[in-house]
Every structure is written in structure tokens, then in C-alpha cells.
Amino acid sequence: MPNAYISGTGFYVPPRVVTNDDLRTQYGIDTTHEWIVQRTGIEERRFADEGVGPADLGALAAEKAIANAGIDKTDLDMIIFATLSPEHCFPGSGVYMQRKLGLCEGTNAKFVPALDVRNQCSGFLYALATASSMVKAGALKHVLVVGAEVHSAALDLSTRGRNIASLFGDGAGAVVVSATEEDRGVRHWKLGADGRFADVLAQRVWDTRKRPFIPVDAAGIGHVEPEMMWAQMEGKLVFKNAVERMMTVLMEACIANNITGADIDLFCFHQANLRINQYIQNALGIPDEKIVHNIQRYGNTTAATIPILLAEAVESGKLKRGMKVACCAFGSGFTWGAAVIDW
Ligand code: ACO
């Protein structure tokens, strides 16, 4: 049975920087840099321009991951695309990105399957678990796993929406998961979900239990109330559950690998709130040099946070061959996950 390792990483964030002060001055949100930094650690985020979707950002990240893996696009056997901000209701972003990568063109066209994963902040780890399991089963050799978000299109960028609008940013990260006979790769993953909290953090733009699924006026035009249009979140409940679930799933992943936290060389946590991660870091006694953050610069890029962290860590030389990496995430659903990887 082959092992499944991460053969290439890449990331892309849009160039437009939006600082906390910009939220106040450009969007008129009643907030302050101090409030946001103190509660979340976020100093700035990136917003994509109109016309740019997650498949665009994902394709740019994917190109880098494929190049770094030393393979050709046509070597890919599958695409897994994790996002909570897809271009459309359907189809998923994976097929749009496949088209943008040019995989369906020319004599070498390869119509690989494209799977969309809808597990919000845990989406990348759900996708990584799926990809590595398929590779380890010997079914596939190279799987492109992308996490990409364009949150800025769906944030209530007004004072009404400030508790959520100040948290999120746009970006994409990608990895190629490849088969190898070497003794390395994704050692273990652990995923979980608790649907009792499904409504605690949700964006219910439409409801297919209703007829029609969006209220329609006499002219046949749909109207969406603000509480349906924009994401809703009980922030304190999310915070508390995130801390508990992330610590637990991380320890479960270590136990399953017969290791302790001290054996981990680098921790890459989902970037929802720097305070959540610092709480876990302190509780588990993780030294500063063993953990990476980027929420200060990008905000919460949801499914993209972990692959961006991995790509940045590789690029900066902080993550090297032979190191043991632990990734961990928590998000809407609630859903959560952890993975231990021998790099
Ligand atoms: N600027 C200024 N004031 C604000 C802002 C802001 N950006 N946002 C909220 N406030 C105000 C509120 O209106 C409220 O005012 P009030 O007391 O007059 O009503 C006050 O600040 C306190 O609001 P809370 O929401 O109670 O603030 P809290 O201390 O809980 O911090 C926060 C909010 C930062 C969102 C925190 O709850 C948190 O980080 N929770 C976790 C969120 C998270 O992890 N989400 C990730 C999952 S995302 C995913 O899965 C898609």
C-alpha cells in the first residue's frame, strides 16, 4: 500500500489589502483597529476585486502547487475543492477551476473527477483526508486539493454585520497529494461533526423547504431578508467549542500516532481567531517557534487557512522534509478535524 504525501504546495491571495482602519473609513463600519486586534489578532485582510471568484484564486494557487510538486497538470487524477463561498449554488467551484487550469483542452485533455467539499473551516482537512485515503488505497496517484474563498462578496460590510465582516478575508491555498513508497506522508487524520450546532454559524441565503425557496414578489423577483442574506454567528459559543474541539481532536490524532505534542515540529491551526489559537497553544505548552499564524495578515480565509500556512511555511524554509506537522481546524457545522503529516 503506498503512502500519501504532500508533494507540492502553493497559495495565492488577492493584492488588495483592506486594513481594519479601511473597514471604518472605506465601508463606514463603526469599529476600531484596537477592537479587532484585541479580540481577534487580525490587522488586515485581502479582498478580491469584483469579477474574481474562488476558482480564479484556487487556479493560481494550484498552478504553484503543481509546479512545486514537479508534475504536469495532466498528471492529476482528481481535484478536490473545499469552499464555503462557491461561485454559484451549482455546479461546484471544482469544475470551474478545472476549466481555468485548461485541463479539458487540447489533445492531452484529461477529464478528471472534480469533487467539492462543503465543510467550511474544516473543509481543507476533510478534503485532505479524502485525498490521502484514495491515494493510500492505490486508486489515484496525484490529487489536487484546494481551499479557496471569496468571502468579501458575501460580508455585510456595514455596522450591522461588523461582528462577522471584520473576521474574514479572501485567499486560496493548494496542495498536491501524491503516492509514494517512501516512509512519509499523511499518517493519520481524525474528523468530527456535531449537527446540534448547525444553526449557530450559518448563511441560509435560501431554504428549499419553502415554496419558492426565496420569497418572490408579484413581478417574480426574489427578495432575501438580511438575516437570510448574511451569515449569522453566535461568536462566544463558537469560540468556546472551537477551543474544546480543537484541543481534543489534536490530542486524539497524537494518541492514534503514538506520539505526544512534544514530537510535533510544526503546528498549523485553522486561523479563525488568534485568541483561540493562543489559548490552545498555552494550554498545550506549544513553544512560539513551533506554531505558525497568518491571521494577522489575511484574516480568516476559512478552507484556505491551512494550505496557505503550509505553503508559506515551505516557502520561508520553516517547514522542511522530515518534520512532523500537526494541522487542526474547527468551523461551522460544527465540524472539526486534525491531521498528522510526516513532511
Ligand atoms: N467592532 C466593534 N465592536 C464590535 C465589533 C467590531 N468589529 N463586532 C462586534 N462588536 C460589538 C458587538 O456589537 C457588541 O456590542 P454590544 O455589547 O453593544 O451589543 C460587543 O462588541 C460584544 O460583541 P460580542 O459578539 O459579544 O464580542 P466577543 O467578545 O464575543 O467577540 C468575536 C466577538 C471576536 C467574533 C468572538 O466571539 C469570536 O472570535 N468568536 C469565534 C468566531 C470564530 O471562530 N469563527 C470561526 C468560524 S468561521 C467558519 O467556520 C466559517
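Indexing begins at 1, ligand by ligand and atom by atom, following the structure's order.
- Counting the atoms of ligand 1 from 1 in the order shown, those under 4.0 Å from a heavy atom of L201 are 47 (C), 48 (S), 49 (C), 50 (O).
- Considering backbone and side-chain atoms together, T32 places no N or O closer than 3.5 Å to any N or O of ligand 1.
- Below 4.0 Å from some heavy atom of N300 lie the following atoms of ligand 1, by number and element: 46 (C), 48 (S).
- Between D170 and R16 no salt bridge is recorded (no basic side-chain N to carboxylate O distance below 4.0 Å).
- Atom numbering of ligand 1 starts at 1 in the shown order; those under 4.0 Å from a heavy atom of I276 are 44 (O).
- Considering all non-hydrogen atoms of both residues, Q281 and P287 come closest at NE2-C, 3.8 Å.
- Counting only heavy atoms of the protein, atom 34 (C) of ligand 1 lies nearest to T40 CG2, 3.7 Å.
- Near L84, meaning under 4.0 Å from one of its heavy atoms, ligand 1 places the atoms 51 (C).
- Among protein heavy atoms, atom 1 (N) of ligand 1 sits closest to T31 OG1, 2.6 Å.
- Looking at R24, R162, H151 and measuring to atom 12 (C) of ligand 1, the nearest heavy atom belongs to R162.
- Ligand 1 places these atoms under 4.0 Å from at least one heavy atom of S332: 49 (C), 50 (O).
- Counting only heavy atoms of the protein, atom 41 (C) of ligand 1 lies nearest to G235 O, 3.5 Å.
- In this comparison of S85, C121, G331, the heavy atom closest to atom 49 (C) of ligand 1 sits on C121.
- Inclusion of N273 in the set of residues having an N or O under 3.5 Å from an N or O of ligand 1 is warranted.
- The residues R211 and D207 are annotated as not salt-bridged, no charged nitrogen and carboxylate oxygen being separated by less than 4.0 angstrom.
- Ranked by closest heavy atom to atom 35 (C) of ligand 1, the top entry among M233, Q271, R39, Q38 is M233.
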- Item | ring pair (Phe, Tyr, Trp, His ring centres under 6.0 Å) evaluation trace for F124 with H270 | CA-CA 10 Å; F124 175 74; H270 169 55; over 10 Å; no
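- Looking at atom 24 (P) of ligand 1, its nearest protein heavy atom turns out to be K236 NZ, 3.7 Å.
- Protein heavy atoms are found less than 4.0 angstrom from atom 39 (O) of ligand 1.
- No part of I29 comes within 4.0 Å of ligand 1, judged by heavy-atom distances.
- Looking at F168, W35, F239, W336 and measuring to atom 31 (O) of ligand 1, the nearest heavy atom belongs to W35.
- Interface of S166 with ligand 1, defined as ligand atoms under 4.0 Å from a residue heavy atom, comprises 7 (N).
- For K324, the salt bridge (charged side-chain N to carboxylate O under 4.0 Å, His left out) criterion is met by D342, not counting sequence neighbours.
- For ligand 1, none of its N or O atoms has an N or O atom of H270 under 3.5 Å away.
- Under the 30°/60° scheme for interplanar angles, the aromatic rings of F334 and F330 are found to be tilted.
- With hydrogens left out, the protein atom closest to atom 46 (C) of ligand 1 is A272 CB, 3.5 Å, a heavy atom.
- Ranking the protein heavy atoms by distance from atom 43 (C) of ligand 1 puts V238 CG1, 3.5 Å first.
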- Report the C-alpha separation of Q271 and N294 in whole Å, then their side-chain angles, then the decisive distance to 0.1 Å, and conclude whether the side chain to side chain contact (heavy atoms under 4.5 Å, CB included) test is met. CA-CA 7 Å; Q271 306 285 296; N294 61 22; 3.4 Å; yes
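- Looking at residues two or more places apart in sequence or on another chain, you find no salt bridge (charged side-chain N to carboxylate O under 4.0 Å, His left out) involving K290.
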